[in-house]
K.L.:
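Would you mind keeping the following structure in view while I ask a few things?
Lettering of chains follows the sequences in order, A, B, ..., and the numbering in each one begins at 1. The model shown is predicted, which means the values in this text are computed figures rather than measured ones.
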Number of protein chains: 2
Amino acid sequence: MSATINDVARVAGVSPSTVSRALSGGPVNAATRDLVRRTAETLGYQPNRAARELITGRTGALGLLVPDLGNPYFTEVIKGASSRSRTSSYPIFVSDTDEHVAREHETIASLRHNTDGLILCSPRGTDEELLALAQTGPTVMVSRHVPGVPSVMGDAAAGIEQALQHLGALGHRKVAYINGPAGSYSEGRRSAGLAAAQALGIEVVEVPAAAPTFDAGVLAADLVLTTGATAIIAFNDLIAIGVLNRLTSRGIRVPEDMSLVGHDDIPMASMCTPNLTTIAVQKERLGFTATDLLLRLLDQRAARSSATEPDDTCLQLPSMLVVRGSTGVAPSTPPRS
Amino acid sequence: MSATINDVARVAGVSPSTVSRALSGGPVNAATRDLVRRTAETLGYQPNRAARELITGRTGALGLLVPDLGNPYFTEVIKGASSRSRTSSYPIFVSDTDEHVAREHETIASLRHNTDGLILCSPRGTDEELLALAQTGPTVMVSRHVPGVPSVMGDAAAGIEQALQHLGALGHRKVAYINGPAGSYSEGRRSAGLAAAQALGIEVVEVPAAAPTFDAGVLAADLVLTTGATAIIAFNDLIAIGVLNRLTSRGIRVPEDMSLVGHDDIPMASMCTPNLTTIAVQKERLGFTATDLLLRLLDQRAARSSATEPDDTCLQLPSMLVVRGSTGVAPSTPPRS
DNA sequence: AAAACCATTGCAACTATTTGCAAAACAGGT
DNA sequence: ACCTGTTTTGCAAATAGTTGCAATGGTTTT
């Protein structure tokens with residue numbers, strides 16, 4: 001089939017070990033290195049991954065776990081991760097857990113075998129579970145922080161604060177916040193941003209949503225209408241769009257009767273009518289940065305043999321409110337439930 | 001770290017080769033096979049992928065290439081493929097080509113090294129290019145057929161026919177068809193379904209779209225309005241939703257002034273207002289079936305040594321028109337351009 | 001001139017598994 | 001007891017790369 005290291009060695013007139021060292025930066029005479037590089041090139045030599053993995057114990061691949069591929073938020077994160085991994089010769093395994101905690105465990109176990117490191121995006125499960133899972137191998141988390149596990153996240157609290165300021169400026173005094181799934185960490189972070197409400201003279205009512213989906217939003221819309229709020233901040237855009245649909249079909253106009261703010265700025269947010277005001281997160285950058293962090297982590301491991309000091313890196317990427325058509329001045333009276 | 005075949009052999013008191021045969025169905029005494037199986041179980045033995053790959057030349061993984069992860073159509077296909085591969089111990093590598101033909105070539109080349117077989121979803125490029133790429137290893141295509149390459153596709157022609165019948169029954173006599181990207185095969189198949197128009201007394205005007213995206217749809221909407229058509233069939237739902245947005249913002253009501261039919265039935269189709277009438281394709285099933293076909297192909301290869309007879313399997317999954325809110329009786333006069 | 005040192009290179013062992021070939025074990029028939 | 005034939009088993013080679021150790025050869029130092 002394809003050329004092996006021995007073929008290159010024979011043609012170049014050196015030993016296989018010299019070829020190995022020449023191509024991987026070992027101590028080799030500059031002249032022979034050039035010779036080896038050239039012959040490898042002309043022979044179209046590609047090192048055999050399996051052989052390398054067998055001897056080094058490293059697979060040269062990464063794994064990325066997302067709760068739901070159907071959620072555009074995660075596909076953006078994936079794109080960012082791919083674009084980083086593309087420049088590093090580390091292929092990336094993507095897997096979908098269908099929002100099941102059990103599936104999450106299985107998939108992590110199976111991915112560990114095929115990868116050198118894992119990126120867990122918005123994982124479910126308790127801190128303890130996740131810490132245990134993270135300790136089975138190099139791990140970086142996205143949109144969730146567990147002490148002892150390096151992570152990358154959007155600054156949800158700041159985003160929420162901006163949204164509250166925006167709504168306050170428009171005269172809203174009672175805002176409903178539609179929560180994400182319990183056990184999702186970003187849920188916690190986002191709720192934390194709500195602390196700013198008091199200072200702004202805004203009352204916040206929390207309303208639960210069963211899942212970060214359109215359907216859950218449809219459901220939540222009716223609940224919100226019983227609260228007397230004149231504006232809504234939703235856990236994510238999918239929920240917000242569900243809310244929007246339900247409000248529209250109940251004859252409640254957005255933004256005249258009710259203002260609506262989403263979170264994440266997925267493409268769909270600028271495709272619905274009215275366009276959704278939303279807290280934009282740098283999704284691609286999130287994936288890119290997480291991959292970068294993981295690769296750096298792997299480099300460290302390769303250098304120092306077993307540096308298992310707990311890494312508490314937690315990078316925060318800024319979020320920004322994008323004002324579009326779904327927010328407006330507060331109505332004099334809240335829409336009747 | 002984890003137990004090797006030698007550990008199992010030692011504990012069971014047999015040779016490594018016997019363990020190998022016992023676990024992979026070779027000729028072994030039933031009693032020893034049981035013994036080996038049990039000890040492997042208790043030791044938690046997992047065969048080392050790299051070592052196996054090195055000797056057999058098979059990686060035990062599949063690759064799946066899609067033009068754009070951001071397109072919900074493809075994520076559904078991926079879900080189907082994953083659910084099939086999950087039951088087969090073949091992990092699956094997903095990659096995104098960003099709709100670039102060049103990226104497609106690169107990615108295929110790199111995936112070939114890491115996988116035993118590839119699934120190409122809606123690949124771009126000419127028939128000749130794709131045939132050449134397919135011949136570098138086991139390949140199955142989705143939503144595109146090239147003679148000599150096995151494939152799985154939705155029955156686009158039948159779907160378009162149903163849509164035309166539906167529109168005809170509503171009194172439409174002039175229908176605009178918004179094409180997909182040139183060089184996309186499904187574009188050709190879908191156009192073929194338009195042949196039914198004549199028999200139904202419907203005139204079809206074709207309008208090009210630069211890409212299968214929302215933005216391309218926004219663009220195309222204005223072009224359609226110059227044709228005098230009273231109904232639109234779009235290459236896919238993303239384009240349709242782009243059209244819908246543009247029409248709405250130009251004050252043209254859907255479906256009162258203009259009927260609109262999409263294609264694929266992505267989740268977004270039932271999230272926009274009005275809900276989109278669309279030709280539903282069994283996306284998950286497409287991915288599932290393609291993976292199944294590829295796995296069968298690999299089994300065949302494993303059995304007969306080098307059976308390179310060209311395989312022309314082309315499975316067709318039925319499509320069905322889902323009537324929602326975006327189609328209605330034809331207006332007496334077309335909306336003015 | 002011998003000794004010491006340095007960079008460079010090759011040898012050989014090692015990784016975990018599969019598999020062709022030959023040996024061993026065992027059964028049945030003579 | 002011996003031969004034959006079949007099943008079962010083990011040995012050893014092979015896969016393609018990496019890496020510790022030793023050897024080589026040239027240069028510098030004493």
K.L.:
What's the CD1-P distance between B/Ile5 and C/dT18, to the nearest Å?
P.N.:
5 Å
K.L.:
Round to a whole Å and report the spacing from CD of B/Glu53 to C1' of D/dA14.
P.N.:
16 Å
K.L.:
Taking for each residue the nucleotide of DNA chain C with the nearest heavy atom, is it A/Ala30 or A/Pro16 whose nucleotide lies nearer the 5' end?
P.N.:
A/Ala30
K.L.:
Mind calculating the distance between CD (B/Gln46) and C1' (C/dT17) to the nearest angstrom?
P.N.:
15 Å
K.L.:
If you compare every side-chain N and O of A/Thr18 against the phosphate oxygens of C/dG10 (OP1, OP2), does one of them come in below 4.0 Å?
P.N.:
yes
K.L.:
Let me know the distance between CG of B/Asn29 and C1' of D/dT9, rounded to the nearest Å.
P.N.:
10 Å
K.L.:
So, is A/Arg52 close to the D/dT18 phosphate, meaning a side-chain N or O under 4.0 Å from OP1 or OP2?
P.N.:
yes
K.L.:
Other residues, nucleotides and ligands only: do more than 12 of their heavy atoms fall within 6.0 Å of CZ on A/Arg285?
P.N.:
no
K.L.:
Is there a side-chain contact between B/Tyr45 and the phosphate of C/dA16, meaning an N or O under 4.0 Å from OP1 or OP2?
P.N.:
no
K.L.:
Has B/Asp312 got a side-chain atom pairing as donor or acceptor with B/Pro147's backbone, closer than 3.5 angstrom?
P.N.:
no
K.L.:
Whole angstroms only, please: what is the CZ-P distance between B/Arg21 and D/dT8?
P.N.:
12 Å
K.L.:
Answer yes when B/Asp292 and B/Arg84 have at least one side-chain N-carboxylate O distance shorter than 4.0 Å, and no when they do not.
P.N.:
yes
K.L.:
Taking CZ in B/Arg49 as the centre, count heavy atoms belonging to other residues, nucleotides or ligands within less than 6.0 Å. Is the count above 12?
P.N.:
yes
K.L.:
Quick one: label B/Thr32 by what it contacts on the DNA or RNA (base, sugar-phosphate, nothing), any heavy atom closer than 4.0 Å.
P.N.:
sugar-phosphate
K.L.:
Which is it for B/Asp299 and B/Arg296 under the salt bridge (Lys or Arg N to Asp or Glu O under 4.0 Å) test, yes or no, and what are the steps along the way?
P.N.:
CA-CA 5 Å; B/Asp299 276 354; B/Arg296 229 193 320 267; over 6 Å; no
K.L.:
Rounded to the nearest Å, what distance is computed from the CZ atom of residue A/Arg58 to the P atom of nucleotide D/dA16?
P.N.:
20 Å
K.L.:
In whole Å, I'd like the distance from the CG atom of A/Leu54 to the P atom of D/dT15.
P.N.:
14 Å
K.L.:
For A/Thr4, report the nucleic acid contact type (base, sugar-phosphate, nothing); a contact means any heavy atom under 4.0 Å.
P.N.:
sugar-phosphate
K.L.:
Which part of the nucleic acid, if any, lies within reach of A/Pro27 when heavy atoms closer than 4.0 Å are counted: base, sugar-phosphate only, or nothing?
P.N.:
base
K.L.:
Roughly, in whole Å, what's the span from CG in B/Asn48 to C1' in D/dT15?
P.N.:
13 Å
K.L.:
Which nucleotide, D/dT9, D/dA16, C/dT17, lies nearest any side-chain atom of A/Ala51?
P.N.:
D/dA16
K.L.:
Give a yes/no on whether any side-chain N or O of B/Ser17 is located under 4.0 angstrom from OP1 or OP2 of D/dG10.
P.N.:
no
K.L.:
Under 4.0 Å, heavy atoms only, any strand: does A/Val19 hit a base, just the sugar-phosphate, or nothing?
P.N.:
nothing
